[in-house]
Number of protein chains: 2
Amino acid sequence: MLAAIDLMAEKGYNGVSTQEIANTAGLSEKTLFRRFGSKQNLLEKAFDRFHYAEEFTKLFNEKIVWDLQTDLLLISRTYHDIMNRNRKMIMISIKEEGNLPGFRERTQKHPRQLMDILINYFKAMYEKGKLIRTDPKVQALSFMMMNYGAFMNNLDSHDNFLNVSLDTFIIESVQTFTRALAP
Amino acid sequence: MLAAIDLMAEKGYNGVSTQEIANTAGLSEKTLFRRFGSKQNLLEKAFDRFHYAEEFTKLFNEKIVWDLQTDLLLISRTYHDIMNRNRKMIMISIKEEGNLPGFRERTQKHPRQLMDILINYFKAMYEKGKLIRTDPKVQALSFMMMNYGAFMNNLDSHDNFLNVSLDTFIIESVQTFTRALAP
DNA sequence: ATTGGTTGTCAGTACTGACTGTCATATTTA
DNA sequence: TAAATATGACAGTCAGTACTGACAACCAAT
C-alpha cells in the first residue's frame, strides 16, 4: 500500500502498472491481486488506511491560550505538519479527481473542519475584544488559503521557493495577520 | 489542441486516449496523427500554443499608482484573471509533472516573474515611507501564496468555498495586508 | 477534366496492462 | 512431523491503445 501511494502520488493512477507496484513493494504481482482483488481496490484500501484522522479538533481545544499570535502560530504549524505528513494522499486526490471521483472530498473534509474551528476562534476572540471587527469567515479563509498555497507550492519543488524556509514563512505570515487583526 | 487540453486537464495525460481526443475534436484519429505525429507532440504543441504570455510586466509598470491598497488590489485581480484563464494548462502541469517533466517549470516561470515584481514594489514602497520595515521577500511570498491557495481551491469546486466569492476574498485579503503593512 | 492535397474508413500491428489459472515451493500452524 | 496456508514463477487471456498502411472520397486550383 505504501508503494502504491508513493508511485501513484508521483505518476498518477494510470501512470503506474500493478507490476511496478508489486516490484517496488517486493512481492509478486500475483499476491498483490490475491490480497486486493483489483488495482482500484488497492488504492482505496491504501487511501483509507493512511488517511489522516481528525487530528485537528483534539489538538486545539486543549492548547489554545487566547493570544492571537501564539494561537495562529500553533494552528499554522499544526496545519503544515498534518498536510505534509499526508502530502502524497493529497497529491493523489488532486491528480485523480477526474478519474476516481470522491477522493477529493475525503482529503478536503478535514481542512474544512479546521476552517470551522478557525472561524469560531475568530468569533470568540472578537467577543473577548482581542480582534478588530471583520468577517471571521473571510479572515479564516484568507489565513487558510495562505497556508494552503504555501503547502501546495512546496509539494513538488522541495527546495524552498526563494530561500525562504517554511518556518520563517509561518512566523512572518502569522505576524502579518496578527498586526492586521489586533485592535 | 483545445480538446486535448480539456480532456487532459480533466483526466490526465494517461487517462485520455487519442481516440477520445479525436472524437471530441470532431476529426478522425488518423488526421490527428498526420498533423501531430504523436500524442506527446500533440500535448507539447497545444501547451506551447496556449501558454500564457508574459502579461504581468507590461500591465504593472503602467498602472501602479503607489497606493498600497489600490496596487495590491490590481495585482491580486490580475493574478487571478491570468491564472483562471490558464487553469487547464496549470492543471495539466500539476498532474503530469511526474510523467512529462519540464511542464511544471513552464507554468511557474511567470508567477515567479510576478514575485520579483512584487518584491521590488514592496522595496520601493518602503523607501517611499509607505510601508513598515519587513522582509519584502517574505511579505511578497505570503501575499502570493494566499492568492495561489485561493486559486487552487477554486480550481475544482467552482462553487465558492463558503459562500465567499472570489472578489470579496480579494478585497478583504488585500485590506488585511494593507492594514498589516501600512506604517 | 485533371491533378494534388487533405480527409475519413477500415483493417491491422505491436505492445502494454489488468487480471486469472496452475503448480511447485516456501512458511506458518497444529 | 503433518497439514493448512501463503507465496512465487510462469504462461496466458482479453481488452485497450498508440500508431501505420491502403484505399477511396472529397475539394480546391489550374
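Fair warning: this is a prediction, and the values are worked out from it, not measured in the lab. Here is the naming used below: chain letters follow the sequence lines, and residue numbers restart at 1 for every chain.
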- prompt: Side chain of A/Asn86, backbone of A/Ile82: donor and acceptor closer than 3.5 Å?
  reply: yes
Side-chain donor-acceptor distances from residues 168-181 of chain B under 3.5 Å, at least two apart:
unit_1   : atom_1 : unit_2   : atom_2 : d
B/Thr168 : OG1    : B/Ser165 : N      : 3.3
B/Thr168 : OG1    : B/Ser165 : O      : 3.0
B/Thr168 : OG1    : B/Ser165 : OG     : 3.2
B/Ser173 : OG     : B/Phe169 : O      : 2.9
B/Ser173 : OG     : B/Ile170 : O      : 3.1
B/Thr176 : OG1    : A/Gln139 : OE1    : 3.3
B/Thr176 : OG1    : A/Gln139 : NE2    : 3.2
B/Thr176 : OG1    : B/Glu172 : O      : 3.0
B/Thr178 : OG1    : B/Val174 : O      : 2.7
B/Arg179 : NE     : A/Ala180 : O      : 3.3

task: Could you walk me through whether B/Phe151 and B/His80 pass the side chain to side chain contact (heavy atoms under 4.5 Å, CB included) test, one step at a time?
output: CA-CA 7 Å; B/Phe151 164 69; B/His80 283 281; 4.1 Å; yes
query: What's the CG-C1' distance between A/Asn23 and D/dT7, to the nearest Å?
result: 15 Å
query: With sequence neighbours left out, what residues match B/Tyr126 under ring pair (Phe, Tyr, Trp, His ring centres under 6.0 Å)?
result: none
- line: Overall bend of the helix from C/dA1-D/dT30 to C/dA30-D/dT1 (five pairs an end, 10° steps) is 20°
task: Measure the distance from CG on A/Leu7 to C1' on C/dA18 and round it to the nearest whole Å.
output: 16 Å
Criterion side chain to side chain contact (heavy atoms under 4.5 Å, CB included) against B/Lys63, the qualifying member of B/Leu74, B/Thr70, B/Asp71: B/Leu74
query: Should B/Arg85 and B/Asp81 count as an ion pair when the cut-off is N to O under 4.0 Å?
result: yes
- prompt: If you look at every heavy atom in B/Thr31 and B/Ser28, which pair is closest and at what distance?
  reply: OG1-O, 2.8 Å
Tabulate atom names and distances for all N/O pairs under 3.5 angstrom spanning the protein and nucleotides 8-14 of chain C.
unit_1 : atom_1 : unit_2  : atom_2 : d
C/dG8  : OP2    : B/Ser28 : N      : 3.3
C/dG8  : OP2    : B/Ser28 : OG     : 2.9
C/dG8  : OP2    : B/Thr31 : OG1    : 2.8
C/dG8  : N7     : B/Arg34 : NH2    : 2.9
C/dG8  : O6     : B/Arg34 : NH2    : 3.4

message: Can you pull out the residues from residues 13-21 of chain A that lie within a 4.0 Å heavy-atom distance of DNA chain C?
response: A/Val16, A/Ser17, A/Thr18
query: Counting only N and O atoms by type, is there a donor-acceptor contact under 3.5 Å from the side chain of A/Thr24 to the main-chain atoms of A/Glu20?
result: yes
- line: Of the listed D/dT7, C/dT7, C/dT20, the closest approach to the B/Arg35 side chain comes from C/dT7
Side-chain atoms of residues 35-45 of chain B: list all donor-acceptor pairs with protein atoms under 3.5 Å, sequence neighbours left out, distances to 0.1 Å.
unit_1  : atom_1 : unit_2  : atom_2 : d
B/Ser38 : OG     : B/Asn41 : N      : 3.1
B/Lys39 : NZ     : B/Tyr13 : O      : 2.8
B/Lys39 : NZ     : B/Val16 : O      : 2.7
B/Gln40 : NE2    : B/Glu44 : OE2    : 3.4
B/Asn41 : OD1    : B/Lys45 : NZ     : 3.3

- request: Would you check if the side chain of B/Ser76 reaches a backbone N or O of B/Leu73 as a donor-acceptor pair within less than 3.5 Å?
  value: no
- request: Write down the distance between CG (A/Leu43) and P (C/dC19), rounded to a whole number of angstrom.
  value: 12 Å
For the student: nearest non-hydrogen atoms of A/Met152 and B/Met152, plus distance: CG-CG, 4.4 Å
- request: Round to a whole Å and report the spacing from CG of A/Asn41 to C1' of C/dA18.
  value: 14 Å
query: Roughly how many Å is it from CZ in A/Phe33 to P in C/dG17, rounded to a whole number?
result: 12 Å
field: Atom-pair distance (NZ on A/Lys39; C1' on C/dT16), nearest Å
entry: 12 Å
